[in-house]
Protein chains: 2
Amino acid sequence: MTGPERPRRRSDVTRTAILEAARERFASDGYERATVRAIARDAGIDPSMVMRYYGSKEGLFAAVIDVELDFPDLSELDPDQLGVVLVTHFLDLWERDTVLRTLLRVGVTNESGSDRLRQVFATQLVPAARAFVPDPADAERRAALVASQVLGMALVRYVLKFAPAADMSREDVIGWLAPTVQRYITAETP
Amino acid sequence: MTGPERPRRRSDVTRTAILEAARERFASDGYERATVRAIARDAGIDPSMVMRYYGSKEGLFAAVIDVELDFPDLSELDPDQLGVVLVTHFLDLWERDTVLRTLLRVGVTNESGSDRLRQVFATQLVPAARAFVPDPADAERRAALVASQVLGMALVRYVLKFAPAADMSREDVIGWLAPTVQRYITAETP
DNA sequence: ACTGTATGCCAACGGTCGTTGACTTCGCCG
DNA sequence: CGGCGAAGTCAACGACCGTTGGCATACAGT
């Protein structure tokens with residue numbers, strides 16, 4: 001069994017310092033305004049080190065937006081609970097770290113960012129939807145509907161910070177959104 | 001009564017050419033990547049004219065994001081139709097011109113953009129919500145919920161262009177979203 | 001202890017940006 | 001037709017960006 005790895009290289013601490021500084025800068029400033037120089041300053045090293053370890057600003061960004069939606073096993077679940085479980089899971093994802101905020105911020109302005117976002121949608125959300133949507137041919141559409149509500153709430157709550165949305169408790173968000181998500185997944189097509 | 005205005009100044013045609021080029025550039029590139037030089041090139045004039053007429057890039061942007069949600073009169077409406085009417089109205093707004101796309105794109109990255117977006121929410125959407133939400137104290141929260149679903153759909157459909165969302169027909173979008181919006185406005189708090 | 005290599009800093013490059021001020025051209029009014 | 005202000009062009013500025021190559025330093029293997 002492998003315990004917590006000792007750094008293989010002396011530079012690993014610097015590498016992760018850069019990565020963490022980059023996460024925060026990209027999350028709060030977006031791709032264009034997050035400068036390599038500012039990230040390096042935050043990490044306490046020279047800008048040239050960023051280039052050495054990540055090749056380019058684009059390469060650093062690619063390392064930052066490595067996201068894993070990481071759905072729990074839903075196969076044994078009471079189907080009526082799908083909405084609650086999914087909304088709760090998404091809230092956890094958004095509050096755990098900044099990577100989704102980064103991806104949304106950048107995906108809206110930057111082409112390679114929105115490519116990545118479409119890719120996450122297609123390779124992680126849609127397959128998950130196939131698992132519990134009755135008609136698989138409909139899975140894409142239902143996944144898109146769920147995404148619209150979940151991303152929309154994330155947008156007004158965590159990015160735009162509309163006061164009433166940002167101030168809502170977790171429980172209230174779940175209480176309001178879960179029935180919507182539940183319907184998008186299980187309801188007959190209207 | 002005032003007919004269509006004759007240009008008061010010779011420069012008005014240039015002014016509006018700049019404004020239209022700016023609308024498109026800001027909408028498709030976001031604030032940072034939309035350069036004054038590119039906007040001027042699109043408008044067929046010198047970059048310095050942009051500064052003469054709008055003072056600065058920030059001033060030009062402020063002129064671009066003058067948005068009017070322009071709600072129809074809902075007071076005489078069957079309350080059961082609120083969802084359908086509102087979703088239809090929002091689809092019209094998003095498809096009519098690019099200003100909302102611009103505002104969303106920029107609001108996600110730029111502080112003055114998100115300020116403006118919060119302002120539109122507070123001064124246009126919330127007051128409209130007060131008109132048809134039973135408990136006025138709840139109007140802010142319900143307006144935020146509606147905004148989350150409407151902005152979320154606009155995001156995946158018009159900005160991120162998730163294929164299943166972008167390919168949905170207007171009727172399907174209305175059919176799926178209207179019940180959600182209807183519930184956010186009229187349902188008991190869960 | 002010596003040496004090769006990994007790690008880090010420094011200074012500078014070419015490019016692009018927003019912005020400015022001086023200069024030229026156009027069009028109207030007397 | 002002459003003059004004058006508006007409209008537009010042009011070249012340049014200072015700043016900042018991503019990126020590069022050379023040089024100093026610290027470390028690990030022998």
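Just so you know, these numbers come straight off a predicted model, no measurement behind them. Quick note on labels: first sequence line is chain A, next is B, and so on, each numbered from 1.
Of all the residues in residues 102-117 of chain B, not one reaches under 4.0 Å from DNA chain D with any non-hydrogen atom. Of the residues in residues 27-42 of chain B, those with a non-hydrogen atom less than 4.0 angstrom from any atom of DNA chain D are B:R37.
A side-chain N or O of B:E58 and one of B:S112 form a donor-acceptor pair less than 3.5 Å apart.
Nucleotides of DNA chain D with any atom under 4.0 Å from a heavy atom of chain A span, from 5' to 3', D:dC17 to D:dC27. Between chain B and DNA chain C, the heavy-atom contact criterion of under 4.0 Å yields a 5' to 3' nucleotide range of C:dC17 to C:dG27.
Nearest-nucleotide positions on DNA chain D place B:I45 closer to the 5' end than the other of B:I45 and A:M51.
We find that A:R118 and A:E111 are joined by a salt bridge, their nearest charged nitrogen and carboxylate oxygen being less than 4.0 Å apart.
Note on B:S56: only backbone sugar-phosphate atoms sit closer than 4.0 angstrom, heavy atoms only; bases stay farther off. Within 4.0 Å (heavy atoms only), B:Y53 reaches sugar-phosphate atoms of the nucleic acid but no base atom.
Counting all heavy atoms, side chain and backbone alike, B:A129 lies closest to B:A143 at CB-CB, 4.0 Å. Annotation for A:F71 and A:L125: closest pair CZ-CD1, 3.4 Å, computed over non-hydrogen atoms. The nearest pair of heavy atoms linking B:V87 to B:V181 is CG2-CG2, 3.8 Å.
Under the side-chain contact (heavy atoms from CB on, under 4.5 Å) criterion, A:V99 pairs with A:V67, A:D97, not counting sequence neighbours. For B:F26, the ring pair (Phe, Tyr, Trp, His ring centres under 6.0 Å) partners are B:Y31, B:F61, not counting sequence neighbours. In terms of the side-chain hydrogen bond (donor to acceptor under 3.5 Å, both in side chains) criterion, B:R130 has no residue partners (sequence neighbours excluded).
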Listing, residues 47-55 of chain B side-chain donor-acceptor contacts under 3.5 Å, not counting sequence neighbours, or none:
residue	atom	partner	partner atom	Å
B:S48	OG	B:D46	OD2	2.7
B:Y54	OH	B:R15	O	3.1

Could you list the donor-acceptor pairs under 3.5 angstrom formed by side chains in residues 132-140 of chain A, with sequence neighbours left out?
residue	atom	partner	partner atom	Å
A:D135	OD1	A:A137	N	3.0
A:D138	OD2	A:R142	NE	3.0
A:D138	OD2	A:R142	NH2	3.4

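We find the CZ-CG distance between B:R141 and A:D167 to be 9.0 Å, quoted to the nearest 0.5 Å. In this structure, B:R157 CZ and B:M168 CE are separated by 7.0 Å, a value rounded to the nearest 0.5 Å. Here the CG atom belonging to B:D115 is positioned 8.0 Å from the CD atom belonging to B:Q119, to the nearest 0.5 angstrom.
Across its full length, the helix from C:dA1-D:dT30 to C:dG30-D:dC1 shows an angle of 0° between the axes of its 5 terminal pairs at either end, rounded to 10 degrees.
Pairs passing the side-chain hydrogen bond (donor to acceptor under 3.5 Å, both in side chains) check and including a residue from residues 99-109 of chain A, sequence neighbours excluded, read A:T109-B:T109. Screening residues 177-190 of chain B for side-chain hydrogen bond (donor to acceptor under 3.5 Å, both in side chains) gives A:Q149-B:Y184, A:T180-B:R183, A:T180-B:Y184, A:R183-B:T180, A:Y184-B:T180 as the qualifying pairs, with residues at least two apart or on separate chains.
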